[in-house]
J.: 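Below is a structure I'd like to ask you about.
It should be emphasised that the depicted structure is a prediction, and the values quoted were computed from it without experimental measurement. When reading the values below, keep in mind they use all heavy atoms of this one structure, side chains included, and skip hydrogens, waters and symmetry mates. Numbers restart at 1 for each chain; the letters A, B, ... are given by sequence-line order, proteins then strands.
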Number of protein chains: 2
Amino acid sequence: MAQPDLQHRILEMKQALLDRGVSLTPRREKLLEVLIASDNHPSASEIHEGVRRYYPGTSLATIYNTIELLKETGQVLEIEFSGAANRYDGRIPDSHPHLICLECERVDDLQLPEDDGSLGEIAKATGYQIVRRRTDYYGICPECQIKQGGAAPSKGGDSTSDL
Amino acid sequence: MAQPDLQHRILEMKQALLDRGVSLTPRREKLLEVLIASDNHPSASEIHEGVRRYYPGTSLATIYNTIELLKETGQVLEIEFSGAANRYDGRIPDSHPHLICLECERVDDLQLPEDDGSLGEIAKATGYQIVRRRTDYYGICPECQIKQGGAAPSKGGDSTSDL
DNA sequence: TTAAATGCAAATTTTTTGCGTGATG
DNA sequence: CATCACGCAAAAAATTTGCATTTAA
């Protein structure tokens, strides 16, 4: 759970905060730990609960406040949702695609590389100055497929091509 | 403004609603018109204002209600945002990429084709049953670049490769 | 006349903000 | 002692829901 690269990420984030001139309070350090330890892109509320186990008095506003600092320093990727709470990716803070389960709301990283070359082409074709890309794949995760009574996901089942 | 294909889209949407068994009330017909007439992916509130010009008593709840029907019949694409209102694409209701201006919040369709073949590969690689994809490019639109005092967008300027 | 459509207002949810207090360098 | 961190509570904003009424097939 405390893999070396995850520890390294925590150090990176701490350094980024220090470089920005803010102080590393115990609550903030704990927040970084909780964020990085989570396997599933936690929401602000989930981070709050995690921090509260160690600092029960912590308020949600402080969580949002610190997340804002992390966003400003490029140390966390905010995955925005409309009806639901936003989710945060501290392990890989740069834009990358995600898989989102419509059933259980889990968010997984997608490891396949994106075609970054197309960004330049799109800028050229549209005149937009492009800052970042968001790509999400919405579907049903393997666990939820099983729960729904379907056969095993079988790694290559019939993917709907509904889009 | 009332291009033939746009008229056709309205007819398609009406038929889809009828097929679903709901009635085409005047308010709903006007909503379709407003949605399709808008060049810039209107929000529920903007649609509301448009409908209100003809039916002043219309409530926002009715707008949301009808949008929900359109979503259920696959006749509108909802582009969700966290801090801001969701936007709706009735002209092209199937998943396709969008360009979103961080400055003025305009939303443009991106015409470049997406690689749909990769959906199957991703399903195979992850076990997810994939339903749809969302791809958004966030940046600064040509107009806002000019307003910000930069040189003309020049169709191919330095696109930031920040992501 | 039965069910659907609608307006209105309240409720929900997430995130932000204002203000006062306390810790810290 | 001046600033930053923080808790608390209120505010904001978008969307949903409950309920009563009107409309319409």
Side-chain angles (χ1 to χ4, degrees), chain A residues 13-14 16-32 34-35 41-73 76-88 100 105 107, chain B residues 13-14 16-32 34-35 41-73 76-88 100 105 107:
Chain A
M13 299 175 95
K14 288 184 179 177
L17 289 179
L18 290 176
D19 290 349
R20 196 186 182 287
V22 305
S23 48
L24 275 181
T25 65
R27 281 163 163 75
R28 286 178 177 163
E29 295 197 85
K30 183 54 71 181
L31 185 152
L32 299 185
V34 170
L35 170 61
H41 302 83
S43 65
S45 175
E46 286 165 344
I47 296 172
H48 186 213
E49 287 170 26
V51 174
R52 268 197 173 176
R53 281 200 281 275
Y54 295 84
Y55 302 102
T58 309
S59 85
L60 192 51
T62 294
I63 305 297
Y64 277 108
N65 163 40
T66 304
I67 288 174
E68 177 62 28
L69 294 174
L70 290 172
K71 283 198 288 178
E72 288 172 15
T73 54
V76 75
L77 179 67
E78 186 173 49
I79 308 163
E80 302 185 34
F81 292 96
S82 165
N86 292 347
R87 309 283 286 272
Y88 298 93
I100 298 164
E105 302 197 288
V107 176
Chain B
M13 300 175 96
K14 288 184 179 177
L17 289 180
L18 290 175
D19 290 348
R20 197 189 181 286
V22 305
S23 46
L24 275 181
T25 65
R27 280 163 165 76
R28 284 179 178 164
E29 295 197 85
K30 183 54 70 180
L31 185 151
L32 298 185
V34 170
L35 170 61
H41 303 82
S43 65
S45 175
E46 286 164 345
I47 296 172
H48 186 211
E49 287 171 25
V51 174
R52 268 198 171 174
R53 282 200 280 276
Y54 296 83
Y55 302 102
T58 310
S59 84
L60 192 50
T62 294
I63 306 297
Y64 278 110
N65 164 39
T66 303
I67 288 175
E68 175 62 27
L69 293 174
L70 290 172
K71 282 198 289 178
E72 288 173 14
T73 53
V76 75
L77 179 66
E78 186 174 51
I79 308 164
E80 302 185 34
F81 292 96
S82 166
N86 293 347
R87 309 284 285 272
Y88 298 94
I100 299 163
E105 302 196 288
V107 175

J.: Atom CD of A:Glu78 and atom P of C:dT14: how far apart are they, to the nearest Å?
T.: 14 Å
J.: Please classify the nucleic acid contact of B:Ser45 as base, sugar-phosphate, or nothing, using heavy-atom distances under 4.0 Å.
T.: nothing
J.: Tell me the interatomic distance from B:Glu29, atom CD, to C:dA5, atom C1', rounded to whole angstroms.
T.: 14 Å
J.: To the nearest Å, how far apart are A:Leu60 CG and C:dT13 P?
T.: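 For the pair A:Leu60 CG and C:dT13 P, the rounded distance is 14 Å.
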J.: Starting at CG of B:Leu69 and ending at P of D:dT15, how long is that distance when rounded to a whole Å?
T.: 16 Å
J.: Run A:Ser23 and A:Arg28 through side-chain contact (heavy atoms from CB on, under 4.5 Å) and show every step you take.
T.: CA-CA 9 Å; A:Ser23 48; A:Arg28 286 178 177 163; 4.1 Å; yes
J.: Toward the 5' end of DNA chain C, which comes first, B:Ser82 or B:Thr62, by nearest nucleotide?
T.: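 So the residue in question is B:Thr62.
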J.: Considering only D:dC6, C:dT6, D:dT15, which nucleotide approaches the side chain of B:Asn65 most closely?
T.: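 Looking only at side-chain atoms, B:Asn65 lies closest to C:dT6.
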J.: Could you check A:Arg53 against A:Val34 for side-chain contact (heavy atoms from CB on, under 4.5 Å), going step by step and ending with a plain yes or no?
T.: CA-CA 10 Å; A:Arg53 281 200 281 275; A:Val34 170; over 6 Å; no
J.: In terms of side-chain heavy atoms of B:Ala85, which of D:dT15, D:dC8, C:dG7 is nearest?
T.: D:dT15
J.: Categorize B:Ser43 for me: base, sugar-phosphate, or nothing, with a 4.0 angstrom heavy-atom threshold over every strand shown.
T.: nothing
J.: Starting the side chain at C-beta, find the nucleotide from C:dT6, C:dA9, D:dG7 nearest to B:Arg27.
T.: C:dT6
J.: Taking atom CZ of B:Arg27 and atom CZ of B:Arg52, what is their separation to the nearest 0.5 Å?
T.: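 That separation rounds to 10.5 Å.
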J.: OP1, OP2 of C:dA5 versus side-chain N and O of B:Ser23: anything below 4.0 Å?
T.: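 B:Ser23 to C:dA5 OP1/OP2: side-chain N or O found under 4.0 Å.
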J.: Name the closest nucleotide to the A:Thr25 side chain, picking from D:dA5, C:dT6, D:dT15.
T.: D:dA5
J.: Would you name the heavy atoms of A:Lys14 and A:Leu32 that are closest together and state the gap between them?
T.: CG-CD1, 3.6 Å
J.: How many whole angstroms separate atom NE2 of B:His48 from atom C1' of D:dT15?
T.: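 Taking atom C1' of D:dT15 as the reference, NE2 of B:His48 is at 14 Å.
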J.: Give the nucleotide from the list D:dG7, D:dT15, C:dG7 with an atom nearest to the side chain of B:Asn86.
T.: D:dT15
J.: Could you tell me the separation between the CZ atom of A:Arg87 and the CD atom of A:Glu78, rounded to the nearest 0.5 Å?
T.: 12.5 Å
J.: To the nearest angstrom, how far is A:Tyr64 atom OH from D:dA11 atom P?
T.: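 Atom OH in A:Tyr64 sits about 19 Å away from atom P in D:dA11.
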J.: Would you kindly give the CZ-to-C1' distance between B:Arg52 and C:dC8, to the nearest whole Å?
T.: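 Going from CZ in B:Arg52 over to C1' in C:dC8 covers 11 Å.
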J.: Within this structure, what is the CD1-to-P distance between A:Ile67 and D:dC6, rounded to whole angstrom?
T.: 13 Å
J.: Name the closest nucleotide to the B:Ser59 side chain, picking from C:dA4, D:dT15, C:dG7.
T.: C:dG7
J.: Between D:dA5, C:dT15, C:dA5, spot the one nearest the side chain of A:Arg28, thanks.
T.: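 For the A:Arg28 side chain, the nearest candidate turns out to be D:dA5.
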